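Quick note: numbers below take in every heavy atom, side chains included, and nothing from hydrogens, waters or symmetry partners. Residue numbers run from 1 in the order of the sequence given. Note that the coordinates shown come from a computational prediction; the quantities given were computed from them, not determined experimentally.
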Amino acid sequence: MMAPMRPAPLALAPALALACAACTVTGPQQCPSLARPTARSQVGAILVAATNQIYAYGGQGPNIPSAETWRYSFGACGGWSELTPASNPGPRANYAAAFDDMRDRIVEIAGGALNDVWALSTDDITFTKLAAVGSQPVVAASELATYDDMHDRVIYAGIETYELDFGSSDQGNWSFIDGNSLQAPAYGFTDPTRSTLFARDLAGLHGFS
């Protein structure tokens, strides 16, 4: 009877060599990174699929909201890293966020008692306050947003539903589109196949086409 073949131990050497060459395993660039945000809630985390990274801003800490910006990178040498933009929206939590893939920016709406709009460029990591015009939405206890690339706008759901249209200006133009409101607490996601924003709140499951 023929003995079963065993894999050659040297077959792992090229893979290990590549892994070691790609990562710095000691010092401040330790791989994977040991840095990470502290525990917090009410934070908007946005996945940027093109770069395979997650961005998270602010959030409610044990006592006060945070103003930190963090990015998580996937991969063998990934992990968390804190970003330091020159300016930011200030401490806030419970805001709505959506990725505007046409402009490579994360649009962040409201948060706390505020109803302003900021954009974080994922190209150069800078925050810009947008001079959005039109009928701004009322500050809500629970807010969701999604970017509609077919119509170049953000759909925002909170107390009633609004659109922030970028067709005529990168700054955005608010307008009311639907009278339905979310009841806190709420969370949601976008189904791009069906062009629908799904939201789950205290009243049940909702879909906005």
Completion exercise
Across all chains, not counting sequence neighbours, the ring pair (Phe, Tyr, Trp, His ring centres under 6.0 Å) partners of Phe99 are none
Fill in the blank from the handout: Rounded to the nearest 0.5 Å, the CD1 atom of Ile177 sits from the CG atom of Asp165 at a distance of 10.0 Å
Handout entry: Contacts of Ser73 that satisfy side chain to side chain contact (heavy atoms under 4.5 Å, CB included) - sequence neighbours left out
Key = Gln53, Arg71
Handout entry: Single-linkage hydrophobic cluster Ile159~Leu197, side-chain heavy atoms < 4.5 angstrom
Key = no
Exercise for the section: Establish whether Phe189 and Leu47 are linked, either directly or via other cluster members, by ILVMFWY side-chain heavy-atom contacts under 4.5 Å. Expected result: no
Problem - From Ile155 atom CD1 to Leu144 atom CG, the distance as rounded to the nearest 0.5 Å - result: 12.5 Å
Exercise for the section: Quick one: pull up CG in Leu120 and CH2 in Trp118 and give me the separation to the nearest 0.5 Å. Expected result: 11.0 Å
Practice task
Sorted by first residue and then second, give each salt bridge (charged side-chain N to carboxylate O under 4.0 Å, His left out) pair with at least one member in residues 172-182; sequence neighbours left out.
Solution key: none
Fill in the blank from the handout: Joining Ile, Leu, Val, Met, Phe, Trp and Tyr whenever any side-chain heavy atoms lie under 4.5 Å apart, the cluster holding Val107 also takes in Met102, Ile109, Val117, Leu130, Tyr147, Val154, Tyr156, Tyr162, Leu164, Phe166, Trp174, Phe176
Exercise for the section: Give a yes or no on whether the backbone of Gly58 and the side-chain of Arg40 come within a donor-acceptor separation of less than 3.5 Å. Expected result: yes
Practice task
Would you please test Asp101 and Asp149 for side chain to side chain contact (heavy atoms under 4.5 Å, CB included) and show each step?
Solution key: CA-CA 8 Å; Asp101 52 18; Asp149 56 0; 4.0 Å; yes
Exercise for the section: In sequence, state the C-alpha distance, the side-chain angles, and the governing distance for Ile54 and Phe74, and then conclude on side chain to side chain contact (heavy atoms under 4.5 Å, CB included). Expected result: CA-CA 8 Å; Ile54 292 175; Phe74 291 93; 3.8 Å; yes
Problem - Side-chain donor or acceptor of Tyr95 paired with backbone N/O of Tyr57 under 3.5 Å - result: yes
Completion exercise
Between Pro65 and Pro91 the two heavy atoms that sit nearest each other are O-CB, 3.5 Å
Problem - Nearest non-hydrogen partners of Ala145 and Ala96, listed with the distance - result: CB-CB, 3.8 Å
Exercise for the section: Locate the shortest heavy-atom distance separating Ala93 from Gln60; write the atom from each residue and the value. Expected result: CB-N, 3.5 Å
Problem - Distance-only side-chain donor-acceptor flag, Ser175 / Glu163, under 3.5 Å - result: yes
Handout entry: hydrophobic_cluster_shared for Trp80 and Tyr55, side chain cutoff 4.5 Å
Key = no
Practice task
Just grab all the salt bridge (charged side-chain N to carboxylate O under 4.0 Å, His left out) pairs involving residues 120-148, residues at least two apart or on different chains.
Solution key: Asp148-Arg153
Exercise for the section: Taking all non-hydrogen atoms of both residues into account, name the closest pair between Pro89 and Glu108 and its distance. Expected result: CG-OE1, 4.3 Å
Handout entry: Closest non-hydrogen atom pair, Val43 against Ala56
Key = CG2-CB, 4.1 Å
Show every donor-acceptor pair shorter than 3.5 Å between a side-chain atom in residues 198-209 and any protein atom, with sequence neighbours excluded, or say none if there are none.
from, atom 1, to, atom 2, distance (Å)
Asp201, OD1, Ala203, N, 2.9
Asp201, OD1, Gly204, N, 3.1
Asp201, OD1, His206, NE2, 2.8
Asp201, OD2, Gln183, N, 2.8
Asp201, OD2, His206, NE2, 3.3

Exercise for the section: Evaluate the side chain to side chain contact (heavy atoms under 4.5 Å, CB included) criterion for residues Arg103 and Asp152: first the C-alpha distance (whole Å), next the side-chain angles of each, then the deciding distance (0.1 Å), finally the verdict. Expected result: CA-CA 10 Å; Arg103 299 166 184 83; Asp152 193 15; 2.8 Å; yes
Exercise for the section: Using a strict 4.0 Å threshold on nitrogen-to-oxygen distance, state whether Asp116 and Arg92 make a salt bridge. Expected result: yes
Practice task
Report yes or no: does Thr122 contribute a side-chain atom to a donor-acceptor pair with the main-chain N or O of Asp104 at less than 3.5 Å?
Solution key: yes
Handout entry: Contact check, side chains of Ile125 and Pro85, non-hydrogen atoms, under 4.5 Å
Key = yes
Practice task
Indicate, with yes or no, if Leu182 and Val139 share a hydrophobic cluster defined by side-chain heavy-atom contacts under 4.5 Å among Ile, Leu, Val, Met, Phe, Trp and Tyr.
Solution key: no
Exercise for the section: Grab the two heavy atoms, one from Ile46 and one from Ala97, that are nearest each other, plus how far apart they are. Expected result: CD1-O, 3.6 Å
